[in-house]
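Contents: one structure, followed by commentary.
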Amino acid sequence: MQRVFAALAREGLHVERDGRVYRVRLKDVADAPAGEVLLPDDFPIEAKALRQLAGLAALRHPAGGGVTTVRASPDFHPGDAGVAIGSIVETEGIVVPAAVGTDINCGMRLHVVDLTAEQLLAKRDVLVERLKGDYFFSSRDLPMTAEAMQGLFREGLAGWLSAVRRRPLGQLARCDLDQLEREIDRVHLGGGLDGDPRWAPEDIVPEEGVVRDGGLATIGGGNHFVEIQVVEEVVDRARAWQWNVRAGQVAIMIHSGSRGVGKHVGALWRDRARGLWPKGQKFPPEGLFSLSLADQPEAVAGYMQAEATAANYGFLNRLLLAELLRQRLRELFGEVAAPLVYDLPHNITLPVEGAAKRWITRKGACPAGVEQPVIIPGSMGAASYLLVGRGSPQLLGSASHGAGRATSRFEMGRRGRETGDLGLAGVDCITLREERRIEEAPAAYKPIGPVVACQVEAGLCDVVARMRPLMTFKA
DNA sequence: ATGTGC
């Protein structure tokens with residue numbers, strides 16, 4: 001697989017690949033930093049996605065600060081909120097709420113389970129029935145005290161956990177809280193950023209008493225899922241052993257985010273950024289309003305705290321989705337070990353380490369720091385990968401967050417009605433919405449193999465293990 | 001992406 005970096009040239013913006021030149025017309029990009037796209041050979045590249053990337057590159061705040069670097073990961077594709085999915089952007093002196101959007105702390109979580117696929121599939125039907133109850137019919141019982149919700153929003157998983165330890169209610173009383181505590185260091189950033197409950201939707205942060213938040217432990221729509229997999233191949237035996245991953249074992253992979261809380265925070269700050277834009281100044285492309293440290297330091301701090309608040313909720317959402325599944329596995333198989341391998345966000349703004357006033361926003365890009373676990377899911381029915389990051393600067397210490405959509409949901413709907421081969425044979429997808437099967441069918445996505453291979457070849461990460469799906473839950 | 005929204 002050949003590695004291809006294509007500069008978005010300043011004059012006219014073009015990408016040259018395989019002898020073909022892709023041109024994108026865009027004004028205002030004259031003094032923007034060049035963007036780079038990493039793609040396998042023969043991959044389609046959408047003009048809309050390039051236009052969006054160029055729009056990001058051109059961002060400047062009239063009071064000072066702007067975007068310094070943009071990169072695009074191999075699963076790069078157009079987004080509907082003005083930012084292409086797979087964008088990695090470094091800013092200096094500004095933050096851009098719309099760049100991360102409303103799906104704050106969308107991310108991945110991976111557990112391994114001390115069962116073989118055969119053992120698990122022997123109880124497939126009863127497991128599916130119970131999980132349908134948990135994930136689709138809200139039969140779960142997860143009452144949260146005011147202290148737990150406030151601790152969560154303020155500090156993340158550690159704050160939540162210490163409150164739950166004081167008063168474990170409902171199904172939380174059946175969780176192994178010591179294990180959850182030990183697993184916090186396998187969550188990126190310790191599963192906690194400095195947030196504040198005042199940024200969360202009011203109805204889920206009681207002053208006192210208990211709330212039953214219907215958003216917690218829910219999968220969400222689109223490409224989000226809970227998947228039971230089997231480790232098909234271990235490539236890096238030493239690291240796999242160290243991370244508890246064994247060939248032939250069952251794994252649990254979760255792709256979800258901060259649900260309504262991220263939507264609340266993202267929409268609130270998108271609107272605030274527009275409202276705070278200096279009067280009389282030309283609007284930025286695609287509604288990408290920024291907040292400048294130069295004249296709005298409290299707004300920058302406020303947004304970062306609000307984003308952190310939603311991010312903390314996303315960490316707990318994934319933890320609880322996994323916890324429900326671990327409880328069902330214990331019911332059916334006894335005390336079976338199902339340790340966390342890693343949990344990490346691929347939709348988040350983080351400060352650049354060791355540099356004041358600089359941030360990296362990853363929009364559909366997985367952090368891939370040195371020796372750090374990287375989780376790249378394939379599309380429904382396809383393989384997923386556990387990798388180890390190498391901290392390469394090429395994509396600012398990032399990797400892709402998936403295979404990348406190749407065909408729009410709308411187009412897939414049309415193709416589905418015309419009964420094309422959507423690659424769904426043999427896929428065990430449990431969903432209440434039939435249209436998901438088509439919208440998220442394997443044929444809607446690029447093949448994960450080349451997407452992973454080109455990143456390995458580029459030195460972004462190395463494969464530790466490959467998993468294949470056994471059953472996928474999609475809301 | 002979103003207890004989607006015209």
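Naming: A, B, ... by sequence-line order, numbering from 1 per chain.
- The residue A:Arg433 sits close to a base: some heavy atom pair falls under 4.0 Å.
- Rounded to whole Å, atom P of B:dG3 lies 17 Å from atom CD of A:Glu202.
- Using a 4.0 Å heavy-atom criterion, one finds that A:Asp80 contacts the bases of the nucleic acid, with or without backbone contacts as well.
- A:Gly220 comes within 4.0 angstrom of sugar-phosphate atoms only, judged by non-hydrogen atoms across all strands, and of no base.
- Rounded to whole Å, atom P of B:dT4 lies 7 Å from atom NZ of A:Lys263.
- For the pair A:Arg405 CZ and B:dA1 P, the interatomic distance rounds to 7 Å; values are reported in whole Å.
- As judged by a 4.0 angstrom heavy-atom cut-off over every strand, A:His224 is placed among residues touching the sugar-phosphate backbone only.
- Looking at heavy-atom distances under 4.0 Å, A:Gly222 makes contact with sugar-phosphate atoms alone, never a base.
- Using a 30° and 60° split on the angle between ring planes, A:Phe153 and A:Tyr313 fall in the parallel class, below 30°.
- Rounded to a whole Å, the CD atom of A:Glu439 is 12 Å from the P atom of B:dT2.
- One can place CG of A:Leu268 at 18 Å from P of B:dT2, the figure rounded to the nearest angstrom.
- Regarding A:Tyr313, its OH atom lies at a distance of 11 Å from the P atom of B:dT2, rounded to whole Å.
- We find that CD of A:Gln52 is positioned 14 Å from P of B:dA1, with the value rounded to whole Å.
- The closest side-chain donor-acceptor pair between A:Asn223 and A:Arg405, if any, does not fall under 3.5 angstrom.
- In this structure, A:His188 has its ring center at least 6.0 angstrom away from the ring center of A:His346.
- Phosphate proximity of B:dT4 to A:Arg259: absent, as no side-chain N or O sits under 4.0 Å from OP1 or OP2.
- Between B:dA1 and A:Asn223, a contact under 4.0 Å exists linking OP1 or OP2 to a side-chain N or O.
- Taking the six-membered ring for Trp and thresholds of 30 and 60 degrees, A:His255 and A:His401 have ring planes more than 60 degrees apart, a perpendicular arrangement.
- The interatomic distance linking A:Ile219 (CD1) with B:dT4 (C1') rounds to 18 Å, in whole Å.
- In this structure, A:His264 has its ring center at least 6.0 angstrom away from the ring center of A:Trp199.
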